Amino acid sequence: MTLHAASREALSFAETRLDGVLGDAGADPSAVGEELLSVVDLFTREIGLRRAVSDGSSDPEARKRLVATLLRDKLSGPALSVLEAVAGGRWSNPRELVDGLEHLGFTALLVGAENAGKLDSVEDELFQFARILDGRPELERALSDRTTPTEAKRGLVRQVVADKVDPITQVLVEQVVVRPRGRSVAYGVDRLVELAAGRSERVVARVTSATELTAGQRERLTAQLGRVYDRPIALHVALDRSLGSGLVIRVGDEVIDGSAAGRLDALRRQLAG
């Protein structure tokens, strides 16, 4: 998520508020996350409200009162507290406010997974779901189609996961599916993988391998990439036998292609040039 400076500051303040409310005894991070995402839906529908809440030229206290008046009876105390922090911030534009609020909702859901000791497994399940979409373009198209009813999309997700993933994983995927906002679903889910890895200050390495990697190979590759990037690595591996041999590694925008298919493509480009 790329934000302007003012929006980054507003988001940082709201994240601090989120950390505070989720640290209180009795707060349910998953419930708070779903509530915040329901407000994202509201702001997406109500253009005038979205503009009013993001209007940096207006009184911050007035913006806080506006959201409190409208949503006090619809949100829990923790969720409303975070929303008031969002409303009081100075956002660069309405789109970035909605992006920031969505980020907070997803973060709260991931905190719920973290508190339950499930963050690593949820992160891996998200990665695997994104790879399923990569391999099934017809499913990606159906889930990204704006004309497909929301409940039909939720039904498709449930058919694919079929109780094979943690409930938090399913909720996260469904939230991306029902709110693509101009992105592919696979891209949105991959962003969640990065957000989950960021909870433990790791950088995501997406590895496509022609063969299954052993536990030892994964450990060595993780250590090597950690030395290269000077950061803890969250290694996620997908199998693609069409590579012939070797690996393709993606870290951020950087691609390391050590596959046979990649070398052949490079040779073809050289010959064509």
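Bear in mind that the values here come from a model prediction, so they are computed numbers and not experimental data. For the single chain, residues carry numbers from 1 onward in sequence order.
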When rounded to the nearest 0.5 angstrom, what distance separates CD in Glu194 from CG in Leu126? 11.5 Å
Does Thr214 reach the main-chain N or O of Gln217 with its side chain, forming a donor-acceptor pair under 3.5 Å? yes
Donor-acceptor pair, side chain of Arg202 and main chain of Ile233, under 3.5 angstrom: no
Results of side-chain hydrogen bond (donor to acceptor under 3.5 Å, both in side chains) for Thr16 - residues two or more places apart only: none
Okay, side chain of Glu96, backbone of His4: is any donor-acceptor separation there less than 3.5 Å? yes
Can a donor-acceptor pair be found, under 3.5 Å and without considering hydrogens, that links the side chain of Thr44 to the backbone of Val40? yes
Inter-residue atom distance Arg17.CZ - Leu22.CG, 0.5 Å rounding: 12.0 Å
Tell me if a side-chain donor or acceptor on Glu125 pairs with a main-chain N or O of Asp166 at a distance below 3.5 Å. yes
One thing to verify: whether Asp190 and Arg206 come together as a salt bridge, which I'm taking to mean a side-chain N less than 4.0 angstrom from a carboxylate O. yes
Between Thr222 (side chain) and Arg218 (backbone), is there a donor-acceptor pair under 3.5 Å? yes
Under a 4.0 Å threshold between the charged nitrogen and the carboxylate oxygen, would Arg141 count as salt-bridged to Glu138? no
Does any N or O in the side chain of Glu140 come within less than 3.5 Å of the main-chain N or O of Ala186, such that one atom is a donor and the other an acceptor? yes
Below 4.0 angstrom, N of the basic side chain to O of the carboxylate: do Arg95 and Asp99 qualify? yes
Would you say the side-chain atoms of Tyr229 and Glu254 include a donor-acceptor pair closer than 3.5 Å? yes
Taking atom CG of Asp59 as the centre, does the number of heavy atoms from other residues, nucleotides or ligands within less than 6.0 Å exceed 12? yes
Distance alone, cut at 3.5 Å: any donor-acceptor contact between the side chains of Ser58 and Arg63? yes
Would you say Lys153's side chain and Leu143's backbone share a donor-acceptor pair under 3.5 angstrom? yes
Here the gap from Leu104 atom CG to Leu83 atom CG, rounded to the nearest 0.5 Å, amounts to 10.0 Å
Is the positively charged end of Arg131 above the ring of Phe127, judged by distance under 6.0 angstrom from the centroid and angle within 45° of the axis? yes
Please check if any side-chain donor atom of Glu35 sits under 3.5 Å from a side-chain acceptor atom of Ser76, or the reverse. yes
Residue pair His236 / Glu123, side-chain donor-acceptor N/O under 3.5 Å: yes
Non-hydrogen atoms of Ser81 and Val21 that approach each other most closely: OG-CG1, 3.8 Å
Could you tell me the separation between the CG atom of Leu221 and the CG atom of Leu247, rounded to the nearest 0.5 Å? 6.5 Å
Test Leu133 against Leu139 for side-chain contact (heavy atoms from CB on, under 4.5 Å), laying out the working first. CA-CA 6 Å; Leu133 294 178; Leu139 178 61; 3.7 Å; yes
If you draw a 6.0 Å radius around CZ in Arg231, do more than 12 non-hydrogen atoms from other residues or ligands fall strictly inside? yes
Enter the distance from Leu239:CG to Thr208:OG1 here, rounded to the nearest 0.5 Å. 9.5 Å
Do side-chain atoms of Arg50 reach the backbone of Val98 as a donor and acceptor pair under 3.5 angstrom? no
Evaluate side-chain contact (heavy atoms from CB on, under 4.5 Å) for Val161 paired with Val173, printing each intermediate quantity in order. CA-CA 10 Å; Val161 301; Val173 170; 5.8 Å; no
If hydrophobic clusters are built from ILVMFWY residues whose side chains come within less than 4.5 Å, do Leu243 and Val207 share one? no
Between Arg179 and Glu174, does any side-chain N to carboxylate O distance fall below 4.0 Å? no
Could you tell me whether Arg154 atom CZ has more than 12 heavy atoms of other residues or ligands within 6.0 Å of it? yes
What distance do Leu36 atom CG and Leu75 atom CG have between them, rounded to the nearest 0.5 Å? 7.5 Å
Residues Glu114, Arg199: salt bridge by 4.0 Å N-O rule: yes
Closest heavy-atom pair and its distance - Leu109, Ile168: O-CG2, 3.8 Å
Heavy-atom count check: over 12 atoms from other residues, nucleotides or ligands less than 6.0 Å from Asp24 CG? yes
Test your reading of the model: is there a side-chain donor-acceptor pair from Arg8 to the backbone of Leu3, 3.5 Å cut-off? yes
Flag for Ser184-Ser144: side-chain donor and acceptor within less than 3.5 Å: no
Would you check, one step at a time, whether the test side-chain contact (heavy atoms from CB on, under 4.5 Å) holds for Trp91 with Leu11? CA-CA 8 Å; Trp91 298 86; Leu11 179 59; 3.9 Å; yes
